[in-house]
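See below for the structure under consideration.
In the text below, chain A, chain B and the rest are named by the order of the sequence lines, each starting its count at 1.
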Amino acid sequence: LRKNVEDFTGPRERSDLGFVTFDITADILNGKIGSIFDWNVKQLFLYLSAEYSTKNNALNQVVLWDKIMLRGDNPRLSLKDMKSKYFFFDDGNGLKGNRNITLTLSWNVVPNAGILPLVTGSGHVSVPFPDTYETTKSY
Amino acid sequence: LLFFSGSMEPAFHRGDLLFLTNRIEDPIRVGEIVVFRIEGREIPIVHRVLKIHEKRNGDIKFLTKGDNNAVDDRGLYKQGQHWLEKKDVVGRARGFVPYIGIVTILMNDYPKFKYAVLFLLGLFVLVHRE
């Protein structure tokens, strides 16, 4: 599992808004999980989440992107230069200068019937946000 | 808990039966499927957690979204409410069985169907007693 990111922050109203672009290379089929798409797996709900700490909040988790992978879909992900699907707003101004945002890829296994486990992928990436706001960059 | 709408498709469909836990000490984390109630509304909603902001003392506020919806649930919350809190959570989805619930729905809507099911169950039991 590999993720590469570049990022900058922009001010919106009173809360920090982060912009992250990323690549995802994942091979769900042949990873440590083995053959995850067995007879009882209907789909995987994949999501890329950013986790970080701020002065206001000890723990923040924001889903940046998600995808439903159905049984039968190509289990290899090779996504480049993706923009986040959801706005990465902080609850305050905790992104500016925050050196330690951890991006992790996880998935919810949805069976045909049975338990719904959440699995965290191995390999996460730490991303620092810059100390200043970008005012003129277009997104 | 029975599913009524299509907002979590293709994972869950109308008629699926969901198994829930409600351990208050279970932390709320993104990706989880929670069952919550909006103040003043009776019908609980089952959606996925999209964002959380948790304070050191455990106070948490979070945002949800149905997998099959284009936007998050803010438009569903009460007027002026931007986040859900622990007190709004009714349960956490841990497992499910598909389409079984449709039998319960049909039994409620069509009493004749209910009697037919009970009759067939009775036959089934009698036959297997041999």
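- With a threshold of 4.5 angstrom between heavy atoms, A/Leu70 approaches chain B through side-chain atoms but not through N, CA, C or O.
- Neither the backbone nor the side chain of A/Pro117 comes within contact range of chain B; no heavy atom of the residue lies under 4.5 Å from a heavy atom of that chain.
- Criterion: ILVMFWY side-chain heavy atoms under 4.5 Å apart, direct or through other members. Under it, B/Leu20 and B/Val49 are not part of a common hydrophobic cluster.
- Contact annotation: the side chain of B/Phe12 approaches that of A/Leu116 to within less than 4.5 Å [non-hydrogen atoms, C-beta and beyond].
- Hydrophobic clustering places B/Leu63 together with A/Leu59 (ILVMFWY residues linked when any side-chain heavy atoms are closer than 4.5 Å, directly or through intermediates).
- Put simply, B/Phe113 and B/Leu118 are part of two different groups of oily side chains (I, L, V, M, F, W, Y) that touch within less than 4.5 Å, one to the next.
- When hydrophobic clusters are built by joining Ile, Leu, Val, Met, Phe, Trp and Tyr residues whose side-chain heavy atoms come closer than 4.5 Å, directly or via intermediates, A/Val41 is not grouped with A/Ile68.
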Taking atom types as modelled, which donor-acceptor pairs link chain A and chain B at under 3.5 angstrom?
residue  : atom : partner : partner atom : Å
A/Lys42  : NZ   : B/Ala11 : O            : 2.6
A/Gln43  : OE1  : B/Ala11 : N            : 3.3
A/Tyr47  : OH   : B/Val30 : O            : 3.4
A/Asn56  : O    : B/Lys55 : NZ           : 3.1
A/Asn57  : OD1  : B/Lys55 : NZ           : 3.1
A/Ala58  : N    : B/Glu54 : O            : 2.9
A/Leu59  : N    : B/Glu54 : O            : 3.0
A/Leu59  : O    : B/Glu54 : N            : 2.7
A/Asn60  : OD1  : B/His53 : ND1          : 2.5
A/Gln61  : N    : B/Ile52 : O            : 3.0
A/Gln61  : O    : B/Ile52 : N            : 2.8
A/Gln61  : OE1  : B/Val30 : N            : 2.9
A/Val63  : N    : B/Leu50 : O            : 2.9
A/Tyr86  : OH   : B/Lys65 : NZ           : 3.3
A/Phe89  : O    : B/Lys51 : NZ           : 2.8
A/Asp91  : OD1  : B/Lys61 : NZ           : 3.1
A/Asp91  : OD2  : B/Lys61 : NZ           : 3.1
A/Asn108 : OD1  : B/Arg48 : NH1          : 2.9
A/Asn108 : OD1  : B/Arg48 : NH2          : 3.4
A/Gly114 : N    : B/Phe96 : O            : 2.8
A/Gly114 : O    : B/Phe96 : N            : 2.8
A/Leu116 : N    : B/Arg94 : O            : 2.7

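- One hydrophobic cluster, built from ILVMFWY side chains closer than 4.5 Å, cannot hold both B/Met8 and B/Leu50; they sit in different ones.
- The structure places CD1 of B/Ile33 at 7.5 Å from CG of A/Leu118, a figure rounded to the nearest 0.5 Å.
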